[in-house]
Amino acid sequence: MSDIQAQVSEAEWAARVELAAFYRIIHRLGMTDMIYNHVTLKVPGEEGAFLINAFGLDYSEMTASSLVKIDLDGTILLPPPHDYGINYAGLVIHSAIHGARPDLHCVAHTHTRAGVAVSSLECGLLPINQNALRFAGDLGYHDYEGPAFRMEERDRLIANLGTANNMILRNHGLIAGGRDVAQCYVNLWSLETACRMQIDTMACGTPIHAVSEEAIEESKRIYKLANDPDGMGSYTGAKLEWAAALRLLDREDGSYRN
């Protein structure tokens, strides 16, 4: 698979390494659904091109060389060194977001137990803990229309995402986006954690203490500023958290870099 590195730019190879690492981290965190779900990343310097997982590989097997480069129509731009193709549902969801939101370079979609549970609740994600409040004003909702195999669903999905960076797909799962892998990673981890916390809290069967409207509005203000790269430094924090995740992978197994 090392022949792929010789066929791409240095910037694309660096993107491939980061995306492969993201898949490995998601596997390590137990946020996978067999060979399903997707994380995609725009190819630097190539308009409309992005990287996606090969449909058939486990997340633990993902490497920089095994990723598939496609365009917004699903055309394979660089033949991968294996016989696996792509999941069409991944193309529909991710091409919609990459095509309409040039600011979201990395997009992750999961079917986790907690994420699907919250997506199936009429109330959706409740503002009842600090992790959930990260998404106050930054979370869209899209109703389930069946498996995402129809291209016409893309317009409705984008309309429901709006200007948010993250989304709950009703009765389906979670979507997290970011301007790069680091921010997407932090958003996905935080959204998943907020869902787990909510399910645990609701399972107690006792009244839930509400967060005040003042605290919710203050959280919106702070996290909006934190998500601004010129803001209070959370963007740097995402870089630091992602760097720590990479160090963890490299200590255990750096094969994702191949």
Got a second to check how far [X]'s [atom1] is from [Y]'s [atom2], nearest 0.5 Å?
X	Y	atom1	atom2	value
Ile35	Glu61	CD1	CD	10.0 Å
Asn160	Leu169	CG	CG	9.5 Å
Lys42	His105	NZ	NE2	5.0 Å
Asp143	Leu157	CG	CG	11.0 Å
Tyr141	Asn166	OH	CG	11.0 Å
Phe22	Leu246	CZ	CG	11.0 Å

Minimal non-hydrogen separation, [X] against [Y], with atom names:
X	Y	value
Ser65	Ile4	O-CG1, 3.9 Å
Ala114	Arg196	CB-CG, 3.5 Å
Ala182	Ala238	CB-O, 3.6 Å
Cys123	Gln198	SG-NE2, 4.0 Å
Gly140	Ala164	N-CB, 3.8 Å
Ala64	Trp13	CB-CH2, 3.6 Å

Check whether any side-chain N or O of [X] sits under 3.5 Å from a backbone N or O of [Y] as a donor-acceptor pair, and report yes or no.
X	Y	answer
Tyr36	Phe55	no
Asn37	His111	yes
Gln130	Ser219	no
Ser119	Val116	yes
Arg170	Leu121	yes

>> Under the criterion side chain to side chain contact (heavy atoms under 4.5 Å, CB included), I'd like the reasoning laid out for Ser66 against Leu57: C-alpha separation, chi angles, the key distance, then a yes or no.
In response: CA-CA 9 Å; Ser66 67; Leu57 292 180; 3.7 Å; yes

SB check [X] [Y] (cutoff 4.0 Å):
X	Y	result
Glu217	Arg221	no
Glu153	Arg156	no
Arg24	Glu252	no

Grouping I, L, V, M, F, W and Y whenever their side-chain heavy atoms are under 4.5 Å apart, do [X] and [Y] come out in a common cluster?
X	Y	value
Tyr185	Met62	yes
Val107	Met151	no
Leu188	Leu104	no
Phe50	Leu78	no
Tyr223	Ile175	no

>> Test side chain to side chain contact (heavy atoms under 4.5 Å, CB included) on Leu191 and Leu125; report intermediate values, then the result.
In response: CA-CA 9 Å; Leu191 186 55; Leu125 185 68; 3.9 Å; yes

> For Asp253, does the CG atom have more than 12 heavy-atom neighbours from other residues, nucleotides or ligands under 6.0 Å away?
Replying inline: yes

> Does atom CD of Glu152 have more than 12 heavy-atom neighbours from other groups under 6.0 Å away?
Replying inline: yes

>> If you apply the rule side chain to side chain contact (heavy atoms under 4.5 Å, CB included), what do you find for Val92 with Arg154, and how did you get there?
In response: CA-CA 7 Å; Val92 172; Arg154 296 192 299 181; 3.8 Å; yes

Do [X] and [Y] come close enough that some side-chain heavy atom pair is under 4.5 Å?
X	Y	answer
Asp33	Thr110	no
Leu41	Cys106	yes
Tyr59	Ile25	no
Cys195	Leu174	yes
Met197	Ile128	no
Glu192	Asn131	no
Lys69	Arg16	yes
His94	Ile97	no

Would you say the side chains of [X] and [Y] form a donor-acceptor pair under 3.5 Å?
X	Y	value
Asp250	Tyr256	yes
Asp73	Thr75	no
His172	His142	no
Glu241	Trp189	no
Arg101	Asn165	yes
Tyr23	Asn53	yes

> After noting the C-alpha distance and the side-chain angles of Arg134 and Asn187, does the key distance pass the side chain to side chain contact (heavy atoms under 4.5 Å, CB included) rule?
Replying inline: CA-CA 9 Å; Arg134 291 182 63 96; Asn187 282 345; 4.2 Å; yes

> What residues, two or more places apart in sequence or in another chain, satisfy side-chain contact (heavy atoms from CB on, under 4.5 Å) together with Ile76?
Replying inline: Val68, Ile70, Pro80

